[in-house]
Amino acid sequence: MLVHLRLTVPPDLSDRVVALLCEHEAVTNVCVHEGVVRDPEGDLVEADVVREEAGPLLHDLEETGLKQRGGIVLTEPEHTPFDRAEELVQRVPGHPDDSIIWESVVETAEAGAVPTISHHVFLTLAVALAAVAVITDSAILVVGSMVVGPDFAVVAAVSCGLVLRRGGLVLRSLQLLVGSFVLAVLVVTLLCLLGRATGFLDVGELVHPRPDTGFIWHPDRWTVVVALIAGAVGALALAIEKTATMVGVFISVTTVPAAGNLAVALAFWETGEITGSLAQLGTNLAGMVVAGVLLLGFARVAWTPLQRATDRVFDRLAYARED
């Protein structure tokens with residue numbers, strides 16, 4: 001699998017950038033369009049690089065000053081059906097599906113830490129849906145609220161910031177994580193209070209036996225185990241850009257359902273469920289952050305050596321079969 005680079009290069013950097021691309025063993029299809037860029041003025045340089053080498057190449061390009069003075073756009077073609085692409089992929093250690101482009105990881109984490117209106121609206125609606133699930137004892141609505149909730153992107157941003165030692169990213173992520181949950185719980189609590197005042201809701205709907213949703217405010221040792229596993233899966237999916245896998249993370253941990261239970265419990269001031277919901281929410285968030293830090297830290301240190309070691313093992317097995 002190749003990654004396509006589209007570079008806007010100032011004229012005085014053009015020769016250096018083109019030489020860097022042409023000399024790289026994992027780069028092909030280098031194209032130079034001199035003087036075609038108008039803002040900022042410069043050359044347009046395009047190239048394709050094997051995904052496993054995209055990260056180191058981006059670092060080298062940044063070292064030329066291109067990040068500050070020009071432009072770097074990275075895209076992934078759906079198909080590259082030509083022999084040269086296959087040759088380059090075979091030459092580079094590792095598999096494209098296992099490659100991590102840390103620049104992309106950082107960009108995704110930074111995007112996850114932005115306090116957008118849509119993030120707050122999605123989380124508030126998810127908590128409201130979870131509150132309905134608690135009142136009606138609906139496991140289906142619990143799952144629905146988990147999928148709607150956007151909180152894992154922020155959790156992943158916290159983990160990424162800690163691993164890469166980006167204090168600003170960690171601070172922004174924690175502010176968004178705490179602030180968005182507080183806002184969502186507050187809004188849903190006010191709605192529940194309104195329902196209580198009008199007679200639409202009754203405390204009996206919260207305290208009656210709930211076989212399908214009672215687990216939401218009863219954290220146990222398995223809560224920790226699930227949070228750690230889900231956090232590790234989510235961090236790995238973020239690193240290798242397997243977005244479809246994230247859905248499994250969303251429906252594994254009970255952060256949003258716990259927040260929904262908390263909102264309803266606050267409206268009726270059920271202290272046992274309040275403390276249980278807070279414990280469930282805190283345990284899941286903390287577990288995911290810890291697992292994310294451990295997984296991303298491992299990937300940062302050992303991912304490339306592990307890829308190369310795996311390649312050597314498969315090469316030896318292939319050689320043995322040929323004999």
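We use all heavy atoms of the structure for the numbers below, so side chains are in, but hydrogens, waters and symmetry mates are not. Fair warning: this is a prediction, and the values are worked out from it, not measured in the lab.
- Applying the side chain to side chain contact (heavy atoms under 4.5 Å, CB included) criterion to Thr283, with sequence neighbours excluded, gives Thr223, Val224.
- Hydrophobic clustering places Leu238 together with Leu236 (ILVMFWY residues linked when any side-chain heavy atoms are closer than 4.5 Å, directly or through intermediates).
- Atom CD of Glu107 is surrounded by 12 or fewer heavy atoms from other residues, nucleotides or ligands within 6.0 Å.
- Heavy-atom neighbours of Asp12 CG from other residues, nucleotides or ligands within 6.0 Å: above the threshold of 12.
- For the side-chain hydrogen bond (donor to acceptor under 3.5 Å, both in side chains) condition, the pairs that include at least one residue of residues 284-302, sequence neighbours left out, are Thr254-Asn284, Gln280-Asn284.
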Please list every donor-acceptor pair under 3.5 Å in which a side-chain atom of residues 117-129 meets a protein atom from a residue at least two apart or in another chain.
from: Ser118; atom 1: OG; to: Thr116; atom 2: OG1; distance (Å): 3.2
from: Thr124; atom 1: OG1; to: His120; atom 2: O; distance (Å): 2.8

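- No donor-acceptor distance shorter than 3.5 angstrom exists from the side chain of Arg69 to the backbone of Pro10, with no hydrogens or angles considered.
- Between Pro40 and Thr8 there is a side-chain heavy-atom pair separated by less than 4.5 Å.
- A salt bridge is absent between Glu103 and Lys67; no separation between the charged side-chain nitrogens and carboxylate oxygens falls under 4.0 Å.
- Considering only heavy atoms from C-beta on, Leu296 comes within 4.5 Å of Cys160 through its side chain.
- Residue Val27 is grouped with residue Val45 when hydrophobic side chains (ILVMFWY) are merged at heavy-atom distances under 4.5 angstrom, including chains of intermediate members.
- Judged as a side-chain hydrogen bond (donor to acceptor under 3.5 Å, both in side chains), not a single pair has a partner in residues 158-167 (not counting sequence neighbours).
- Residues Phe152 and Thr255 fail the side-chain proximity criterion, which asks for heavy atoms closer than 4.5 Å.
- Side-chain contact between Val301 and Phe298: absent, with no pair of heavy atoms (C-beta onward) separated by less than 4.5 Å.
- Among residues at least two apart or in separate chains, side-chain hydrogen bond (donor to acceptor under 3.5 Å, both in side chains) pairs with a member in residues 39-48 are His4-Glu46, His4-Asp48, Ser14-Asp43, Asn29-Asp48, His33-Glu46.
- In this structure, Trp217 and Val264 have side chains that are not in contact, with every pair of non-hydrogen atoms separated by 4.5 Å or more.
- For the pair Leu7/Leu44, no side-chain contact is recorded, criterion being any heavy-atom separation below 4.5 Å from C-beta on.
- Residues Leu57 and Leu5 meet the side-chain proximity criterion, which asks for heavy atoms closer than 4.5 Å.
- Cluster membership for Val106 and Val158, using ILVMFWY side-chain heavy atoms within less than 4.5 angstrom, is shared.
- Among pairs with a residue in residues 183-195, none fulfils side-chain hydrogen bond (donor to acceptor under 3.5 Å, both in side chains), at least two apart in sequence or across chains.
- By the 4.5 Å heavy-atom criterion applied to side chains, Thr75 and Arg6 are not counted as neighbours.
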